[in-house]
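We count residues from 1, following the sequence as given.
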Amino acid sequence: KVVSTQSTGYFKRINLSKMGFRDVEMPDGTVKRFTWHPKYDARYPAFNQAPKCNQYFIDFQKCIWKKGEGYKPCDWFRHHYEHICPPTWVEKWNDQLERGVYPSKQLLKWQAKYPKAEAADE
């Protein structure tokens with residue numbers, strides 16, 4: 001299942017077939033599969049990763065809101081939520097954001113407090 005063909009720095013993300021696995025197109029054109037999982041986060045010691053998933057998604061939205069869509073350090077949050085969250089949740093949340101009905105008071109407060117940034121130059 002192709003999730004995105006958005007460029008992420010030197011490598012190009014092309015396929016997210018399972019959570020925790022990533023197929024990456026290398027600079028020479030070959031595709032390699034990598035296994036990756038986020039490191040331990042002391043804020044979320046429990047086995048249930050749903051709160052962690054949601055928080056990384058919100059942190060990513062806050063980062064691109066304040067710094068702009070092209071700001072590379074925001075990719076750290078995106079990379080984490082894509083590997084923790086089920087793809088259906090991410091699709092649902094992105095749809096809700098586009099329609100302006102995302103149910104996060106934390107994100108709404110953030111957007112009211114800070115002006116939206118222009119897209120960062122790459």
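In this structure N94 satisfies the side chain to side chain donor-acceptor pair (under 3.5 Å) test with no other residue, sequence neighbours excluded. For Q106, the side chain to side chain contact (heavy atoms under 4.5 Å, CB included) criterion is met by Q55, I58, K62, S104, not counting sequence neighbours. Under the side chain to side chain contact (heavy atoms under 4.5 Å, CB included) criterion, K66 pairs with W110, Y114, not counting sequence neighbours. Residues that satisfy the side chain to side chain donor-acceptor pair (under 3.5 Å) test with Y81, not counting sequence neighbours, are absent from this structure.
Considering OH of Y102 and CD of Q111, their distance stands at 10.5 Å, rounded to 0.5 Å. Note that the SG atom of C85 and the NZ atom of K92 stand 12.5 Å from one another [nearest 0.5 Å]. Within the model, atoms CD of E91 and CD of Q96 stand 12.0 Å from one another, a figure rounded to the nearest 0.5 Å.
Contact check for Q61 versus L97: side-chain heavy atoms found under the 4.5 Å cut-off. Between F77 and I64 there is no side-chain heavy-atom pair separated by less than 4.5 Å.
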Take W65 and L107 through the test side chain to side chain contact (heavy atoms under 4.5 Å, CB included) and record every step on the way to the result. CA-CA 10 Å; W65 180 268; L107 186 59; 5.9 Å; no
Would W89 and I84 satisfy side chain to side chain contact (heavy atoms under 4.5 Å, CB included), going step by step from the backbone distance to the final call? CA-CA 10 Å; W89 290 10; I84 296 172; over 6 Å; no
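Both F57 and W76 are part of a single hydrophobic cluster, where members link through side-chain heavy atoms under 4.5 Å apart.
Applying the salt bridge (Lys or Arg N to Asp or Glu O under 4.0 Å) definition to pairs two or more places apart or across chains, those involving residues 93-105 are D95-R99.
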